[in-house]
Amino acid sequence: MPPGQFSDAAVVMITRNEEGAIAKVLKDVQYFVPGAEVIVVDGSSDRTPEIAGACGARVIPEPGGGPASALVAALRASERPVIATIDADDTYPPEVLPALVELVRCSFDVVGTDRLGFGRPTTMPTSNYAANWMFNAIASVRARQRVRDVHTGMRAYRRDVIERFKWDTTGLALPVDLMMWPIAAGLRVFEVPIHYRDRIGHTTLVRLPGTLWTLRRLLRPFHTGWQSKS
């Protein structure tokens with residue numbers, strides 16, 4: 001790939017104690033999306049930020065307020081027109097990032113990935129798989145269109161989408177709003193099936209609070225405050 005091919009894109013992630021995976025994830029991102037700006041918003045107590053900085057990422061301290069605030073800070077940290085997210089635990093295939101960026105370049109507003117698109121991942125417990133199917137079924141009814149994965153951590157966004165909404169950073173499960181609010185506002189949303197992988201390191205998932213926050217975000221009225229540029 002020629003240098004700078006992705007000079008219009010940024011790849012951002014939030015990290016908390018991912019020192020076992022962060023170097024691999026960053027090297028893979030830099031290989032598959034050369035020229036992209038790579039940003040890490042970090043709240044770790046281990047060596048994650050030092051490793052990320054040594055690998056060439058721009059490291060920003062977590063602003064406080066929980067993972068939703070950290071994710072919004074990551075999404076807004078770059079001025080580039082395409083912003084992609086990926087988790088720092090190596091569960092998502094970075095080779096898919098170029099396709100996500102290209103789909104946004106071709107006029108989609110949000111391009112998500114679908115972890116369930118090839119059936120239940122062997123790395124996903126049956127209970128998690130069933131919960132994700134339930135969340136997606138509720139989302140599809142609310143959106144009046146098929147929604148395949150409201151909780152994926154790997155998406156690409158047109159930067160205007162991030163700028164034009166006032167995101168609710170209270171509690172968990174912000175990825176739900178990052179998918180559902182653009183759909184409710186009539187924006188162009190697309191999803192790509194992926195192979196979801198086993199994570200490196202220990203999970204930080206908090207199941208019961210995460211489930212309750214997901215249902216709360218799915219069942220309340222959606223924000224539709226997208227404003228077109230004049």
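A side-chain N or O of S45 and one of N17 form a donor-acceptor pair less than 3.5 Å apart.
You'll find the side chain of M124 reaches within 4.5 Å of the side chain of N132, heavy atoms only. Using a 4.5 Å heavy-atom threshold, the side chains of I138 and L215 count as touching. Taking 4.5 Å as the limit, every side-chain heavy atom of Y196 sits out of range of all side-chain heavy atoms of T113. You'll find the side chain of I183 stays beyond 4.5 Å of the side chain of F222, heavy atoms only. Contact annotation: the side chain of W167 never approaches that of L71 to less than 4.5 Å [non-hydrogen atoms, C-beta and beyond]. The closest side-chain heavy-atom distance from V150 to M180 is below 4.5 Å.
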Does R220 form a salt bridge (Lys or Arg N to Asp or Glu O under 4.0 Å) with D168? I'd like the steps, not just the answer.
CA-CA 12 Å; R220 69 184 179 181; D168 178 3; 2.9 Å; yes
Worksheet item: R188 and S107: side-chain contact (heavy atoms from CB on, under 4.5 Å), yes or no, with the steps?
Response: CA-CA 8 Å; R188 297 192 70 199; S107 80; 2.4 Å; yes
Working for side-chain contact (heavy atoms from CB on, under 4.5 Å), residues F135 and V147: CA-CA 9 Å; F135 298 150; V147 178; over 6 Å; no
I22/R47 under side-chain contact (heavy atoms from CB on, under 4.5 Å): CA gap, chis, key distance, verdict
CA-CA 10 Å; I22 190 65; R47 295 182 58 249; over 6 Å; no
**OP:** Applying side-chain contact (heavy atoms from CB on, under 4.5 Å), run through R199 and T123 and close with a yes or a no.
**Re:** CA-CA 8 Å; R199 67 169 288 127; T123 59; over 6 Å; no
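Of the inter-residue distances, the one linking M179 atom CE with R148 atom CZ reads 10.0 Å to the nearest 0.5 angstrom. From D109, atom CG reaches atom CZ of R158 across 4.0 Å, with rounding to the nearest 0.5 Å. The CG atom of N136 sits 6.0 Å away from atom CG of L116, with the distance rounded to the nearest 0.5 Å. Atom CG in D114 sits 6.0 Å away from atom CD in E191 (nearest 0.5 Å). To the nearest 0.5 Å, the span separating CE on M134 from OH on Y129 amounts to 14.0 Å. Here W213 contributes atom CH2 and L174 contributes atom CG; the two are 10.5 Å apart, rounded to the nearest 0.5 Å.
In the hydrophobic clustering of ILVMFWY residues, with side-chain heavy atoms under 4.5 Å counting as a link, V141 and L219 come out apart. When the side chains of ILVMFWY residues are joined at heavy-atom separations under 4.5 Å, either directly or via intervening members, I194 and W133 end up in a single hydrophobic cluster. F190 and M154 fall within the same hydrophobic cluster, defined by Ile, Leu, Val, Met, Phe, Trp and Tyr side-chain heavy atoms under 4.5 Å apart, directly or through other members.
The closest donor-acceptor contact from the side chain of T48 to the backbone of R16 lies at 3.5 Å or more, if one exists at all. Checked by atom type and distance alone, the side chain of R115 never pairs as donor or acceptor with a backbone atom of P121 at under 3.5 Å. Using a distance-only test at 3.5 Å, with no hydrogens or angles considered, no donor-acceptor pair links the side chain of D87 to the main chain of D89. In this structure, the side chain of R155 does not engage the main chain of G112 through any donor-acceptor pair within 3.5 Å. Panel note: side chain S78, backbone A10; no donor-acceptor pair is recorded below 3.5 Å.
Using a 30° and 60° split on the angle between ring planes, F165 and W181 fall in the tilted class, from 30° to 60°.
A68 approaches G171 most closely through the heavy-atom pair CB-O, 3.6 Å. Nearest heavy-atom pair across V25 and D90 is CG2-N, 3.6 Å.
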